[in-house]
Participant: 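Structure incoming, see below.
In what follows, chains carry the letters A, B, and so on, assigned in the order in which the sequence lines appear, proteins first and then strands, with residues in each chain numbered from 1.
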Amino acid sequence: MITWSPEKIAAFQKTLLNWYDQNKRDLPWRKDHDPYHVWVSEIMLQQTQVQTVIPYYQRFMKLFPTVQALADADETQLMKAWEGLGYYSRARNLQKAARQIITDYHGEWPKTKAGLQELSGIGPYTAGAIASIAFNQPVAAVDGNAFRVFARLLKIDADIAKPQTRRLFENVIGRVISKDRPGDFNQAIMDLGASYMTATNYHSADSPMKAFNQAYLDGVEDQYPVKTKNKRPVPVAYYGLLITSNNGFLFEKRPAHGILSNFWMFPLVKVADLKVAKDADEGQQLNALENQFLETYRLKIHVTKLGGQPVTHTFTHQKWRITLLTANLAEHVDLSYFPGKWIPASAFKTFAFTKVQDKMWQRYQKQIEK
DNA sequence: GAGACGTGGGT
DNA sequence: TACCCAAGTCT
């Protein structure tokens with residue numbers, strides 16, 4: 001696949017690292033090569049932009065300065081620290097791995113890529129990043145940047161959306177990576193991918209690496225990388241319930257698996273799950289919803305539609321459209337059949353809210369003011 | 001190996 | 001609007 005001569009590889013490394021030395025981004029997790037710092041930043045940066053991560057990283061390090069502190073953190077505090085960052089299993093796996101390091105490894109980090117991948121939440125990319133940056137191992141760290149950069153440099157036609165393609169890129173990078181400065185090499189590729197060689201609006205003509213960019217030299221850079229398109233999010237309709245009593249709002253603990261798992265949220269009922277005819281009107285749906293609450297939870301509610309447009313929220317694979325309903329209950333109703341509890345608004349700040357939950361709350365307040 | 005898993009930014 | 005993209009991993 002790669003046809004570069006040893007001389008060209010050496011020139012590539014030298015040009016790249018010289019550029020990196022002069023132009024590397026000054027980021028909070030680059031103050032040292034502490035594996036804990038590298039690790040937390042890499043997890044946060046998965047599918048997330050640098051500017052989004054910076055404040056989260058800084059707060060996280062103040063709250064949990066060490067692997068031990070993270071291992072000891074309580075669930076609520078951890079999720080509050082991750083609130084709004086998304087892909088929440090990252091946070092749970094982070095703590096799981098911290099506990100693995102403390103108990104299984106007696107506080108000693110595995111220092112190889114293979115060893116690091118044994119830890120929860122650490123896959124081939126993150127293992128390569130930690131191994132190279134923190135432990136100076138000459139291994140590839142293939143993220144979206146590396147895929148994009150090397151696909152263009154070498155005009156690699158493999159579909160980067162396919163899992164098997166990773167191996168090809170790891171092989172290529174294994175041949176060109178600097179054995180002296182593998183961590184800096186990998187980070188330089190990321191900085192290159194985030195500056196001159198972005199996905200759209202790239203500026204390869206100004207890039208320090210343009211002489212090595214075969215796609216650019218051939219005028220076909222717009223054809224790389226090759227990547228199959230994502231599927232569009234599936235629309236899902238919900239009723240969102242803001243049920244009040246003198247004890248606050250009724251919250252439901254979401255299931256342990258699936259989207260937004262384990263969060264305490266305003267109850268959501270999928271419209272498609274209501275036992276009504278497909279062409280039922282809204283009145284029939286609300287009636288069915290009230291019946292379902294009575295039968296499933298032994299709760300007799302009378303819902304009222306809240307004014308305003310439904311709340312919408314788009315995830316990677318689903319597009320939620322939530323019609324908000326309100327209801328009021330006496331504080332002494334029996335909640336023993338309902339997987340939830342009353343939470344006063346004054347205590348909301350002690351719970352981690354997901355974005356969609358926050359939108360529901362904002363919309364409710366706005367409508368109530370009227 | 002395809003699909004699930006959040007959110008914010010850009011066009 | 002409706003995409004696509006951003007330092008991926010797990011099942």
Side-chain angles (χ1 to χ4, degrees), chain A residues 24-25 27-30 37-57 79 82-94 96-97 116-133 140-149 159-167 169-170 173 183 185-195 197-202 225 227-236 254-263 265 312-320 352-359:
Chain A
K24 64 181 171 190
R25 289 174 288 178
L27 300 168
W29 47 88
R30 283 184 175 174
H37 298 161
V38 175
W39 174 44
V40 171
S41 67
E42 292 299 344
I43 299 297
M44 287 186 169
L45 285 160
Q46 290 171 7
Q47 305 291 283
T48 311
Q49 296 185 17
V50 166
Q51 62 161 40
T52 302
V53 166
I54 290 173
Y56 279 92
Y57 176 83
M79 294 317 290
W82 210 267
E83 182 179 38
L85 200 52
Y87 283 152
Y88 298 96
S89 65
R90 290 185 294 175
R92 300 194 173 98
N93 284 145
L94 204 57
K96 198 179 295 179
L116 287 159
Q117 280 194 85
E118 296 298 313
L119 297 168
S120 294
I122 296 186
Y125 162 72
T126 305
I130 299 172
S132 63
I133 298 169
V142 188
D143 69 335
N145 287 306
F147 274 126
R148 185 173 58 256
V149 167
D159 184 351
I160 65 169
K162 299 216 173 297
Q164 64 200 37
T165 303
R166 169 179 300 280
R167 287 203 304 275
F169 279 75
E170 284 175 340
I173 294 168
F185 180 95
N186 283 332
Q187 292 184 91
I189 294 298
M190 296 183 219
D191 278 19
L192 187 63
S195 57
M197 297 185 68
T198 48
T200 57
N201 288 82
Y202 41 85
K227 181 175 179 291
T228 54
K229 294 190 189 310
N230 295 324
K231 291 182 177 174
R232 46 194 309 203
V234 178
V236 185
R254 292 183 58 80
H257 298 287
I259 197 163
L260 306 181
S261 58
N262 291 318
F263 278 93
M265 282 188 60
T312 60
H313 188 75
T314 305
F315 302 93
T316 309
H317 290 88
Q318 294 180 26
K319 181 172 181 168
W320 286 8
F353 270 34
T354 64
K355 197 65 198 173
V356 66
Q357 167 90 336
D358 195 50
K359 283 185 185 176

Participant: Less than 4.0 angstrom between a side-chain N/O of A:Arg166 and OP1 or OP2 of C:dG8, yes or no?
Facilitator: no
Participant: What's the gap between C:dT9 and B:dG1 when it is taken at their C1' atoms, as a whole Å value?
Facilitator: 14 Å
Participant: If you take atom types as modelled and just measure distance, does the side chain of A:Thr52 reach the base of B:dG8 with a donor-acceptor pair under 3.5 Å?
Facilitator: no
Participant: How many angstroms lie between atom OG1 of A:Thr52 and atom CD of A:Gln47, to the nearest 0.5 angstrom?
Facilitator: 12.5 Å
Participant: Which nucleotide wins on minimum distance to the side chain of A:Arg90, given the candidates C:dA7, B:dG6, B:dG1?
Facilitator: B:dG6
Participant: Quick check: on DNA chain C, is the nucleotide nearest A:Lys231 upstream (toward 5') of the one nearest A:Ile43, or the reverse? Name the residue that is more 5'.
Facilitator: A:Lys231
Participant: Check whether any side-chain nitrogen or oxygen of A:His313 sits under 4.0 Å from OP1 or OP2 of B:dG6, and answer yes or no.
Facilitator: no
Participant: Do the side-chain N or O atoms of A:His317 get closer than 4.0 angstrom to the phosphate oxygens (OP1, OP2) of B:dA4?
Facilitator: yes
Participant: If only side-chain N and O atoms of A:Gln47 are considered, is one of them under 4.0 Å from the OP1 or OP2 phosphate oxygen of C:dG8?
Facilitator: yes
Participant: Would you mind telling me which of C:dC10, B:dG6, C:dA7 lies closest to the side-chain atoms of A:Tyr87?
Facilitator: B:dG6
Participant: Tell me the interatomic distance from A:Leu45, atom CG, to B:dG6, atom P, rounded to whole angstroms.
Facilitator: 18 Å
Participant: Please evaluate the base of B:dG6 for a donor-acceptor partner in the side chain of A:Thr314 within a cut-off of under 3.5 Å?
Facilitator: no
Participant: Specify the separation, in whole Å, of atom CG of A:Leu85 and atom C1' of C:dA7.
Facilitator: 13 Å
Participant: Looking for any heavy atom pair under 4.0 Å, which part of the strands does A:Arg25 touch: base, sugar-phosphate only, or nothing?
Facilitator: base
Participant: Just N and O in the side chain of A:Lys229: are any of them under 4.0 Å from OP1 or OP2 of C:dC3?
Facilitator: no
Participant: Let me spell it out: for each of A:Ser120 and A:Val50, pick the nucleotide of DNA chain C with the closest heavy atom. Which residue's pick is nearer the 5' end?
Facilitator: A:Val50
Participant: With heavy atoms under 4.0 Å as the rule, sort A:Gly193 into base, sugar-phosphate or nothing.
Facilitator: nothing
Participant: Could you tell me how far apart A:Leu94 (CG) and B:dC5 (C1') are, to the nearest whole angstrom?
Facilitator: 16 Å
Participant: Taking atom P in both C:dA7 and B:dC5, compute the distance separating them and give it to the nearest angstrom.
Facilitator: 23 Å
Participant: Do any side-chain nitrogens or oxygens of A:Gln117 fall under 4.0 Å of OP1 or OP2 in C:dT9?
Facilitator: no
Participant: How far, in whole Å, is C:dT1 from B:dG6 if one measures between their P atoms?
Facilitator: 23 Å
Participant: Checking side-chain hydrogen bond (donor to acceptor under 3.5 Å, both in side chains) against A:Thr126, which of A:Gln117, A:Glu42, A:Gln46 comes through?
Facilitator: A:Gln46
Participant: Can A:Lys24 and A:Asp191 be counted as an ion pair, charged N to O under 4.0 angstrom?
Facilitator: no
